[in-house]
Amino acid sequence: MAEPAFTQKEEGFRADNGRGEGRTIPGALTEKQRETLEELGREGLLERYRLMYMIRNFEQRSEQAYQQKKIGGFLHLYMGQEALGVGMLGAIGPRDYVVTSYRDHGVALALGLEPGPLMAELFGKETGISRGRGGSMHFFSKEKNFLGGHGIVGGQIPIGLGAAFTARYRAEGQVSLIFFGDGALQQGAFHEAANIASLWELPAIFIIENNRYGMGTSVERSSSVQDLTLKARGYNMEGVQVDGMNLLDCHALMKEAVASRRQNPRPLLVEARTYRFRGHSISDPATYRAREEVESYQRLDPLRQVRGLLEEMGWLNEQEARELEKKVRDEVLAAVRFADESPLPDPAGLGRYVYA
Ligand SMILES: Cc1ncc(C[n+]2csc(CCOP(=O)(O)OP(=O)(O)O)c2C)c(N)n1
Ligand SMILES: [Mg+2]
């Protein structure tokens, strides 16, 4: 497959928005994108680029640490999906709820969590964000209303629904963001939650991170329809598609969705079209994907898009970019050092934090 299949299959959606080669050119921005750019400004866009770069680098370092056997168990990387997480989570408030799957490193970093305790969690250390008991799939932060990191496909969806119910019950204008994959969309958990969210008018924002595969199974082979927003119809819910490789689009969509739901609670289904640059998990060589397909998405690399935009706007020159990136890489290296030097949990405390 030479081109991203989304571009070919369906009218009205182009993974590159017609700009080609993944370059976001200010002159070629839509009016909406220009407005978003103005709203974010230099500082806002720089901060988002910093977070995206942090995620990419954190994932590269965790991949390396895994190969050095410093990390065991599962490891699902977020590379390729950075614009989605950073764009959407940069548009919510500090009291909103967020829950996601095992592919949770990017979401945690996008929420502003420090890389040190996250890396330490991957290393199974006592200083980890879940005290080394959870590992890669179970990041969690009470301070950020981040309800995890979940290993059961679709298991996070009813949890996010419960948070949406809490939000509605307390009537304090919070929303609940529920991230899950194209594979998880086919689970009963989603369909039961969608029905209740609609019936009870809960402020649940269901976000499908459609990266086109659930392990080795393509969405063409797992979904009855290819426009995944159609799944909202049976639940009398709004459904909307967004280019998940485009930071500005993800931000704008979520900003509006959240603002209107704070006033008038009701659910929403978002299909964000994206791509994972690596295999499903660290042990997956992803031989089920054609090289041309992977390359066609690499040309849409969200980091390159945002860095290109910053440069074209005159907001970041080569030298400043190098400095910013070096600073982030140093921070991630410090996180690895912190994880390395931290103690393992004391075996005597094995029963602590266990719910029984
Ligand atoms: C209930 C359940 N069934 C199967 C699995 C094994 N499994 C782990 S991830 C995965 C694929 C899910 O794909 P998707 O929802 O698209 O998310 P992605 O990994 O692409 O982010 C499967 C089948 C599981 N963890 N839980
Ligand atoms: Mg998937």
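Keep in mind it's a predicted model, so treat the numbers as computed, not measured. Ligands are counted one by one from 1 in listed order, and the atoms in each one are counted from 1 as well.
Heavy-atom contacts from other residues, nucleotides or ligands closer than 6.0 Å to CG of Leu344 number more than 12.
In summary, of the residues considered (Arg261, Arg233, Lys231), a salt bridge (charged side-chain N to carboxylate O under 4.0 Å, His left out) with Glu238 occurs for Arg261 alone.
Ring-centre distance between Tyr102 and His76: below the 6.0 Å cut-off. Aromatic pair Phe180/Phe190: ring centres closer than 6.0 Å. The six-membered or imidazole ring of Tyr288 lies near that of Tyr213, with a centre-to-centre distance under 6.0 Å.
Counting only heavy atoms of the protein, atom 26 (N) of ligand 1 lies nearest to Val153 N, 3.1 Å. For atom 16 (O) of ligand 1, the closest non-hydrogen atom of the protein is Gly183 N, 2.8 Å. For atom 23 (C) of ligand 1, the closest heavy atom belonging to the protein is Met215 SD, 3.5 Å. Distance from atom 21 (O) of ligand 1 to its nearest protein heavy atom, with residue and atom name: Arg103 NE, 2.9 Å. Here the heavy atom of the protein found nearest to atom 13 (O) of ligand 1 is Gly214 CA, 3.1 Å.
Residue contacts with ligand 1 leave out Phe180, since none of its heavy atoms falls under 4.0 Å from the ligand. Gln187 counts as a contact of ligand 1, since one of its heavy atoms falls under 4.0 Å from the ligand. Contact analysis puts Gly151 in contact with ligand 1, with a non-hydrogen atom separation below 4.0 angstrom.
Taking 4.5 Å as the limit, every side-chain heavy atom of Pro117 sits out of range of all side-chain heavy atoms of Lys125. A heavy-atom distance below 4.5 Å is not found between the side chains of Arg48 and Leu46.
Taking 4.0 Å as the cut-off between side-chain N and carboxylate O, Arg337 and Glu341 do not count as a salt-bridged pair. The pair Arg50-Glu47 meets the salt-bridge criterion, since a charged nitrogen lies less than 4.0 angstrom from a carboxylate oxygen.
For a threshold of 3.5 Å applied to N or O pairs, the pair formed by Arg276 and ligand 1 contains no separation below that value.
Taking a cut-off of under 4.0 Å to the non-hydrogen atoms of Asn211, the atoms of ligand 1 that pass are 18 (P), 20 (O), 21 (O). Each of the following atoms of ligand 1 lies closer than 4.0 Å to a heavy atom of Asp182: 15 (O), 16 (O). In the vicinity of Tyr102, heavy-atom distances shorter than 4.0 Å reach the ligand 1 atoms 9 (S), 10 (C), 11 (C), 12 (C), 13 (O), 14 (P), 17 (O), 18 (P), 19 (O), 21 (O). Of all the atoms in ligand 1, the ones that sit under 4.0 Å from a non-hydrogen atom of Ala184 are 15 (O).
Here the closest heavy-atom approach between residue Arg212 and residue Thr274 is recorded as CG-O, 4.2 Å.
Between the Mg ion (ligand 2) and Asp182 there is an N/O/S contact shorter than 2.8 Å. The nearest N, O or S atom of Asn210 is not closer to the Mg ion (ligand 2) than 2.8 Å.
With a 4.0 Å cut-off on non-hydrogen atoms, Glu209 does not touch ligand 1 at all.
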